[in-house]
Novice: 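Quick one: the structure is below, questions incoming.
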Amino acid sequence: MPAITLSAARPFDLDCTLDCGQLFRWQRRDGAWVGVVGDAVIAARQEGPALLFEGADERRIERYFQLDLDLPAILASIDRDPFIHAAIARHRGLRLVRQDPWECLVSYICAQNASIPFIRCMIENMARCFGAPLPSPWGTHHAFPGPEALASRELFDLRQCSLGYRAGYVLDAARRVCGDPGWVERVGALSFEEARAELMAFRGVGRKVADCILLFAFQKFESFPVDVWIRRVMREHYLPGGGPDRGVSCREYDAIAGFARDYFGEYAGYAQEYLFADARAARKK
DNA sequence: GGCCAGGCCTTTG
DNA sequence: CAAAGGCATGGC
């Protein structure tokens, strides 16, 4: 089994990275992780400083996990106070993964008003129904269906995947993307604000979903998605006060995200992930 | 068996 | 412009 060697200068924590809620297609299987990335079924596990993997070559693994990024420098830049410091210490090695833009778009459209286990369920359903089968030593998995594979379906077919009212959004997105090849390059070349506006033109994509896509698929690291968890954390530790404890209004969203970009800097998105991971871990206990 | 979930869209005040 | 209601579904 090939391996990549990690170090204090190049930290990485596979468990934190795969379990922090940014990805939906990895599962633990007796000590290892198995996941679908593009058309590859990948198995990986970590033994101390060794990242062991199968199913893809080393270049692809390094690119996927963004191991070339100087994580210590990024973490130093967001380490602004004791609270974030503790979150960083508890999850050091968590990295943002380079996700496929199309899959990420659909995943986070589905993520609205859904729990993480339910999101995983919706995505697995779509893959099983409409994605190419991918035989592997760890069983047959399915690739996430491309936009063409979904655009040719009817609303009813997507509803069968438990998407609920999100089915229409996904179908719209599929048809829109099919009629606009090159959207990835175009969005990727835009500034954060412009790219965000472009993504919010998709039905079912608001601030939060757009920010997730920009952070996870377009490496716009200043993006700071504000969900109910992050809102809670920010209220308790950074921006006390605010309106009713229900949803996140546009104004509050902009206030929180704006503050975070000023406060944490150009890698605010990394701060967001560490805060999110820490909040979720705290709830489990 | 409620409650809540990595919200968004539409309508109303 | 801000605030509230509706929304499909499943896990806990």
Side-chain angles (χ1 to χ4, degrees), chain A residues 16-27 87 91 94 96-97 99 103-126 128-129 154-173 176 196-218 220-221 223-236 241-257 260 268-285:
Chain A
C16 285
T17 299
L18 296 181
D19 205 24
C20 75
Q22 61 180 318
L23 297 161
F24 304 108
R25 301 216 63 198
W26 286 87
Q27 40 192 178
H91 304 278
L94 190 169
L96 290 170
V97 169
Q99 297 192 33
E103 180 174 340
C104 189
L105 169 64
V106 176
S107 297
Y108 283 89
I109 285 177
C110 291
Q112 64 182 77
N113 216 30
S115 64
I116 289 176
F118 180 35
I119 301 164
R120 303 170 68 92
C121 164
M122 290 187 263
I123 293 171
E124 279 313 308
N125 288 344
M126 281 186 279
R128 256 200 314 277
C129 290
E154 300 299 326
L155 200 54
F156 175 82
D157 301 318
L158 286 174
R159 283 238 149 134
Q160 294 298 96
C161 299
S162 301
L163 296 194
Y165 65 88
R166 308 165 189 80
Y169 298 156
V170 171
L171 198 53
D172 279 4
R176 182 188 181 95
R196 191 190 200 207
E198 188 86 353
L199 290 178
M200 287 175 66
F202 284 90
R203 246 168 39 88
V205 177
R207 284 170 166 68
K208 157 65 171 62
V209 170
D211 284 347
C212 283
I213 299 163
L214 291 171
L215 183 59
F216 300 139
F218 288 97
K220 306 283 190 193
F221 297 122
S223 178
F224 193 88
V226 181
D227 57 33
V228 293
W229 292 88
I230 289 298
R231 175 181 187 256
R232 230 141 35 206
V233 169
M234 294 303 285
R235 277 195 169 194
E236 280 181 34
D245 194 34
R246 175 189 158 285
V248 186
S249 70
C250 293
R251 207 171 57 174
E252 186 181 14
Y253 192 109
D254 292 342
I256 292 174
Y270 261 91
Q272 192 270 6
E273 276 309 288
Y274 277 79
L275 292 174
F276 182 78
D278 207 47
R280 285 217 316 145
R283 184 202 49 151
K284 281 184 182 173
K285 291 190 291 185

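Chain identifiers are assigned alphabetically (A, B, ...) following the order of the sequence lines, protein sequences preceding nucleic acid strands; residue numbering begins at 1 within each chain. Model, not experiment: these values are computed from the prediction.
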Novice: Nearest whole angstrom, please: distance from the P of C:dA3 to the CD of A:E252.
Specialist: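 In whole Å, C:dA3 P lies 10 Å from A:E252 CD.
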Novice: How long is the line joining CZ of A:R231 and C1' of B:dA5, in whole Å?
Specialist: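 These atoms are roughly 15 Å apart.
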Novice: Round to a whole Å and report the spacing from CH2 of A:W229 to P of B:dG7.
Specialist: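 It is 11 Å, rounded to the nearest whole Å.
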Novice: Does any part of the side chain of A:V226, heavy atoms only, come nearer than 4.5 Å to the side chain of A:E252, both counted from C-beta?
Specialist: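 No; the side chains remain at least 4.5 Å from each other.
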Novice: In the 5'-to-3' direction, what one-character label does each nucleotide of nucleotides 5-12 of chain C receive under the scheme B = base within less than 4.0 Å of a protein heavy atom, S = sugar-phosphate only, - = no such atom?
Specialist: B-BBBSS-
Novice: What is the distance from atom CG of A:L94 to atom CZ of A:F276, rounded to the nearest 0.5 Å?
Specialist: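 It comes to 11.0 Å.
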Novice: Would you say a side-chain N or O of A:R232 is under 4.0 Å from OP1 or OP2 of B:dA5?
Specialist: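 Checking B:dA5 against A:R232, a side-chain N or O does come within under 4.0 Å of OP1 or OP2.
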Novice: Can you find a heavy atom in the side chain of A:F118 that is under 4.5 Å from one in the side chain of A:S162?
Specialist: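 Yes, their side chains come closer than 4.5 Å.
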Novice: For the pair A:F216 and A:Y108, name the ring-plane relationship: parallel under 30°, tilted 30 to 60°, perpendicular over 60°.
Specialist: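 Geometry flag for A:Y108 against A:F216: tilted rings.
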Novice: Work out how far the P atom of B:dT11 is from that of C:dA8, and round it to whole angstrom.
Specialist: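 Their P atoms lie roughly 14 Å apart.
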Novice: Do any N or O atoms from the side chain of A:R120 and from the backbone of A:W26 form a donor-acceptor pair under 3.5 angstrom?
Specialist: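 Present.
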Novice: A:C161 near the nucleic acid: base, sugar-phosphate alone, or nothing, with a heavy-atom cut-off under 4.0 Å?
Specialist: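 Answer is nothing: A:C161 stays at 4.0 Å or more from every strand.
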Novice: Using a 4.0 Å cut-off on heavy atoms, which residues in residues 198-215 of chain A reach DNA chain C? List them by number, or say none.
Specialist: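 Of all residues in residues 198-215 of chain A, none places a heavy atom under 4.0 Å from DNA chain C.
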Novice: Just wondering, do A:K220 and A:R196 contact through their side chains at under 4.5 Å, heavy atoms?
Specialist: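 Not touching, per the 4.5 Å side-chain cut-off.
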Novice: For nucleotides C:dG5 and B:dC4, find the distance between their P atoms and express it as a whole number of Å.
Specialist: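 Result for the P pair: 16 Å, nearest Å.
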Novice: C:dA2 P sits how many Å from A:D254 CG, rounded?
Specialist: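 About 10 Å, once rounded to whole Å.
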Novice: Using a 4.0 Å heavy-atom cut-off across all strands, classify A:V228 as base, sugar-phosphate, or nothing.
Specialist: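 Contact class for A:V228: sugar-phosphate only.
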Novice: Could you give the distance separating B:dC8 and C:dG11 at their P atoms, to the nearest angstrom?
Specialist: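 My reading of the P atoms in C:dG11 and B:dC8 gives 23 Å.
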Novice: Side-chain contact test, heavy atoms from C-beta onward, threshold under 4.5 Å: evaluate it for A:V248 versus A:K208 and give yes or no.
Specialist: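 When only atoms from C-beta onward are counted, A:K208 and A:V248 do not touch, as no gap falls below 4.5 Å.
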Novice: Would a 4.5 Å heavy-atom cut-off, applied to side chains only, mark A:Y169 and A:V209 as touching?
Specialist: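 Sidechains of A:V209 and A:Y169: no contact.
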Novice: Report yes if some heavy atom in the side chain of A:H91 is under 4.5 Å from a heavy atom in the side chain of A:E273; otherwise report no.
Specialist: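 No; the side chains remain at least 4.5 Å from each other.
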